[in-house]
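What follows is one structure encoded as structure tokens, with my remarks underneath.
Throughout, protein chains are lettered first and strands after them, A, B, ... in sequence-line order, and every chain is numbered starting at 1.
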Number of protein chains: 2
Amino acid sequence: MNVMDDGISRWRRVADGLRAAIAEGSYGDRLPPETELAKEFSVNRHTVRRAISALSDEGVLRAERGRGTFINETQPRITYPIGTRARFSENMTRQSLESAGRLINSERVAADRTQAALLQLKPGASLYKLEKMTVVDGVPVSRSTGYFPSDRFPNIIAAYAETGSVTQALKQHGLHDYRRRETRLTAERVSPADAESLQCAADSIVLVSNAIDVDLDDAPVQIIRTRFLADRIVLVFKP
Amino acid sequence: MNVMDDGISRWRRVADGLRAAIAEGSYGDRLPPETELAKEFSVNRHTVRRAISALSDEGVLRAERGRGTFINETQPRITYPIGTRARFSENMTRQSLESAGRLINSERVAADRTQAALLQLKPGASLYKLEKMTVVDGVPVSRSTGYFPSDRFPNIIAAYAETGSVTQALKQHGLHDYRRRETRLTAERVSPADAESLQCAADSIVLVSNAIDVDLDDAPVQIIRTRFLADRIVLVFKP
DNA sequence: CCAATTTGTCTATTTGTGTAGACAACTGAT
DNA sequence: ATCAGTTGTCTACACAAATAGACAAATTGG
């Protein structure tokens, strides 16, 4: 009777199913009664209750004794254009949102083979690694890790810490424009460390963007790996 | 002692952690002994064994009694360019891969408000809904749902079933070129139905692309929602 | 052959999950 | 006031998950 052969509990499945159905608008502003949901998902009423309880903790639902379970209004997801010349801060202000980049950690590292190849350096070359986080309207939306050649940008860490913007920090090194050469996208489960700094559920999903920025002469400026919280952001691409 | 407040079992977590570490190359071609992994993940050896067993079923690992547990070679992920004028079939043949679109289901539906707005029709207008799946080199990589105005493309279903290509099917309706106006990307857990047709684990992650194709006069041709299996594909965008 | 290392199997115990049923508490409508 | 419908709480039980320990079976290197 009890399957659980994939390591995901039934109530978690029901919660995920409900969240998807809610996002799709299938239930309007109010959930059907627990007994009906139990039938719909073929589980016991108590299992449904646990799913609802989890979604209530997330702020998705609001259960009221005697009345029913209601769906909370959610703010629309932030849209983030990729592939264009967009600079993050500029783009956020266009959506009239307050965004801020926060430096979490930084260190000097030696380039491994892959990094060296992408940045057109020799393996072992010195890089600055910048761990940062982006907060939009008080909500953490992404964590990213950037690697810069330390020869060319010796002061990048201090400059970023001061301005909170890669664009500004690069300007201080005399680089006034750059563009994205390539973006590779995939998705995975959030790592425990990222989950903590992003203040999200441990089973959240992140969109992972691996990108290379180059200057106007096509010389690599940085490689950057960004993890966007999938339920807080939509990446938009317009050719 | 045992937390489990998120509905995901410990062995599943360990399995996911191992898969990520393996993908990153942290272990080389061989896993550390089970007792060490148990320490590393702070779980009992039996829990590690269950995780390894799951990954072995997936074909990621290969345990040999008395010798150790080894990491199987995996074929590199298929890359799929977005945003360009790329046609799926053409792009796959460029990677010398055999791709095929397979029609799963089709029906006539009435446009809801959102669909009507995107396709510039009136709510309730008649649409053809095409459920299809893409298989590359025998491996299912994506499921997609497309909506076409049935007035303009009366024969789209038969044409797609025959050719296995949207581009070809549209040509039969006199539309020789079209382009993507917008792509919106997010990620979520695979739905149970998709998990079955894609032959993947029930807790897999999909990249969800919501896109609109338009003809050369900017008239909407189709809206399409594609779910790419995140561990089988990388979306690549080059400006 | 022997010893060390490693995966495989077995038993047992504790904790968590899902099911089942009964009833309390609350709401809104008749 | 009553009643039907709904969420909240409680007890009980079967089964799965996680831990723990012991030992078998296979491999490797000396």
Which residues pass the salt bridge (charged side-chain N to carboxylate O under 4.0 Å, His left out) test with Asp203(B), not counting sequence neighbours? Arg189(A), Arg12(B)
Look at Arg62(A) together with Glu64(A) and state whether they make a salt bridge at an N to O cut-off of under 4.0 Å. yes
Which part of the nucleic acid, if any, lies within contact of Arg12(A), taking any heavy atom under 4.0 Å across all strands shown: a base, the sugar-phosphate backbone alone, or nothing? nothing
According to side-chain contact (heavy atoms from CB on, under 4.5 Å), who are the partners of Thr35(B), at least two apart in sequence or on a separate chain? Pro33(B), Arg45(B)
Which residues in residues 56-66 of chain B have a heavy atom closer than 4.0 Å to any atom of DNA chain D? Arg65(B), Gly66(B)
Without decimals, in angstroms, what is the distance between Ile8(B) CD1 and dA18(D) C1'? 16 Å
Quick one: are the ring centres of Tyr147(A) and Tyr128(A) less than 6.0 Å apart? no
Using side chain to side chain contact (heavy atoms under 4.5 Å, CB included) as the criterion, point out the one residue from Lys132(A), Arg225(A), Met133(A) that pairs with Ser144(A). Lys132(A)
May I ask you to check whether over 12 heavy atoms, not counting those of Glu40(A), lie within 6.0 Å of atom CD? yes
Test of understanding: with side-chain contact (heavy atoms from CB on, under 4.5 Å), list the residues that count as partners of Ala195(B), not counting sequence neighbours. Val190(B), Cys200(B)
Contact list please: residues 34-49 of chain A against DNA chain D, heavy atoms, distance less than 4.0 Å, in numerical order. Glu34(A), Arg45(A), His46(A), Arg49(A)
Salt bridge (charged side-chain N to carboxylate O under 4.0 Å, His left out) partners of Lys129(B), counting only residues at least two apart: Glu107(B), Glu131(B)
Ile52(A) CD1 to dT6(D) P, straight-line distance once rounded to whole Å: 12 Å
Less than 4.0 angstrom between a side-chain N/O of Arg67(A) and OP1 or OP2 of dG28(C), yes or no? yes
Return the value, rounded to whole Å, for the distance between atom CG of Leu31(A) and atom C1' of dG8(D). 16 Å
